[in-house]
Number of protein chains: 2
Amino acid sequence: MGIFSKTCEYAMRAMFYIAQRSQEGHRSGIKEIAEHIDSPEHFLAKILQKLSKEGLVQSIKGPNGGFYLDAKSLTRPLADIVTTFEGEQIFTGCGMGLSYCSEENPCPLHNDFKEVRNKITRMLMDTTIGQFNHELIKGQLTLNK
Amino acid sequence: MGIFSKTCEYAMRAMFYIAQRSQEGHRSGIKEIAEHIDSPEHFLAKILQKLSKEGLVQSIKGPNGGFYLDAKSLTRPLADIVTTFEGEQIFTGCGMGLSYCSEENPCPLHNDFKEVRNKITRMLMDTTIGQFNHELIKGQLTLNK
DNA sequence: ATAATAAAGGACAACAATATCTTTTATTAT
DNA sequence: ATAATAAAAGATATTGTTGTCCTTTATTAT
Ligand code: FES
Ligand code: FES
């Protein structure tokens, strides 16, 4: 696995996709999303359910329903999605798995790993969900290759 | 989970511990290692078996036997341990789980994620297994807190 | 009202990661 | 030679992640 779990990866891809479609004024059904981000449909449904409960994505049932993002949601940082699935561990945890990371009792990787963590944190905090709509619509960025 | 799997975390901690003890001229038994890095004993045995097969750690059976690191092994980069358990994914994979990462078909996180990956890679390539022996012996660094 | 649609929710299945236990093999000391 | 030690190897158990399926609920269109 990479840095993030598969669940979290699908979640990020799905949210970027929904953001793009929302920008275009469309709501997206699970099937459509799954196809465009290349994820298992039913598994994705579960993921979106969780994001919906967290209020990170909006949804409407029934015909013409689907998932979309309101203005507020489009400005939320990617970090909110990651936290939903991975918890705080990735932002604060020790790189070698010690029960907590501290300056007083550092592991051998502590100094280097702090920087890695900070870079990840900045990436996730500074990136908003709606940030790439333009590039995604123009096809300069991809979610399924 | 953090960036690395539990298996990989135990492996790194174990190797740093064995390195330290090797430096002091001792071989370490599984039980001793497990206690000092706070890992499940039998699971650690499996991990060390794999590292042994890879030639990353040396071992001797029987009384006064145990695990140790020869001069060559002490200079190997931490990356070799990580690759054994996580493969190349962590060094080359896409942060959002796309099947491959490329400049031609980048995901939204590509630019930021490249830097994260590079920092991780540098950390693991530039750190050698024997590098922290002194600090570990003096207790300035820890493997079990 | 009824049928159609689409998300929400619950139950379950497959698989991989983590963990434990037992037997075998190599080595050493007596 | 025998017993003791410790890693190697094999078998199995537990848990978490990933994935599927089926039923229910809300909404819309007819
Ligand atoms: S103690 Fe390990 S990263 Fe800080
Ligand atoms: S394409 Fe996703 S990190 Fe490069």
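In the text below, chain A, chain B and the rest are named by the order of the sequence lines, each starting its count at 1.
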Which of residues 80-90 of chain B have a heavy atom under 4.0 Å from DNA chain C?
none
Can I get a per-line list of side-chain donor-acceptor pairs under 3.5 Å for residues 36-49 of chain A, giving both atom names and the distance, sequence neighbours left out?
| unit_1 | atom_1 | unit_2 | atom_2 | d |
| --- | --- | --- | --- | --- |
| A:H36 | ND1 | A:Y17 | OH | 3.3 |
| A:H36 | ND1 | A:E32 | O | 2.9 |

Could you summarise the pairing of DNA chain D as dot-bracket text, marking Watson-Crick and G-U pairs under 3.5 Å with ( ) or [ ] inside the strand and | across strands?
||||||||||||||||||||||||||||||
Distance in angstrom units between B:M1 CE and C:dA16 P, rounded
18 Å
Could you run down nucleotides 21-30 of chain C 5' to 3' and tag each one B, S or - for protein heavy-atom contact under 4.0 Å?
B---BBBBS-
Only counting residues at least two apart or in another chain, list the ones meeting salt bridge (charged side-chain N to carboxylate O under 4.0 Å, His left out) with B:E24.
B:R21
Tell me, which pairs form a salt bridge (Lys or Arg N to Asp or Glu O under 4.0 Å) where one or both residues lie in residues 130-141 of chain A, sequence neighbours left out?
none
Could you list by number each residue of residues 48-57 of chain B showing a heavy-atom separation from DNA chain D of less than 4.0 Å, or answer none if no residue does?
B:Q49, B:S52, B:K53
List in chain and number order the residues that pass salt bridge (charged side-chain N to carboxylate O under 4.0 Å, His left out) with B:E104, two or more places apart in sequence or in another chain; answer none if no residue qualifies.
none
Contacts of type ring pair (Phe, Tyr, Trp, His ring centres under 6.0 Å), residue B:F113, not counting sequence neighbours:
none
For residues 86-100 of chain A, run the donor-acceptor check on the side chains, cut-off 3.5 Å, and write out each pair with its distance to 0.1 Å, sequence neighbours left out.
| unit_1 | atom_1 | unit_2 | atom_2 | d |
| --- | --- | --- | --- | --- |
| A:E86 | OE2 | A:S5 | N | 2.7 |
| A:E86 | OE2 | A:S5 | OG | 3.3 |
| A:T92 | OG1 | A:E88 | O | 3.2 |
| A:S99 | OG | B:K145 | O | 2.8 |

Assign B:S28 to base, sugar-phosphate, or nothing according to its heavy-atom contacts below 4.0 angstrom with the strands shown.
sugar-phosphate
Note: contacts of residues 12-23 of chain A with DNA chain C (heavy atom, under 4.0 Å) are none
Side-chain donor-acceptor distances from residues 119-126 of chain A under 3.5 Å, at least two apart:
| unit_1 | atom_1 | unit_2 | atom_2 | d |
| --- | --- | --- | --- | --- |
| A:K119 | NZ | B:E115 | OE1 | 2.9 |
| A:T121 | OG1 | A:R117 | O | 2.8 |

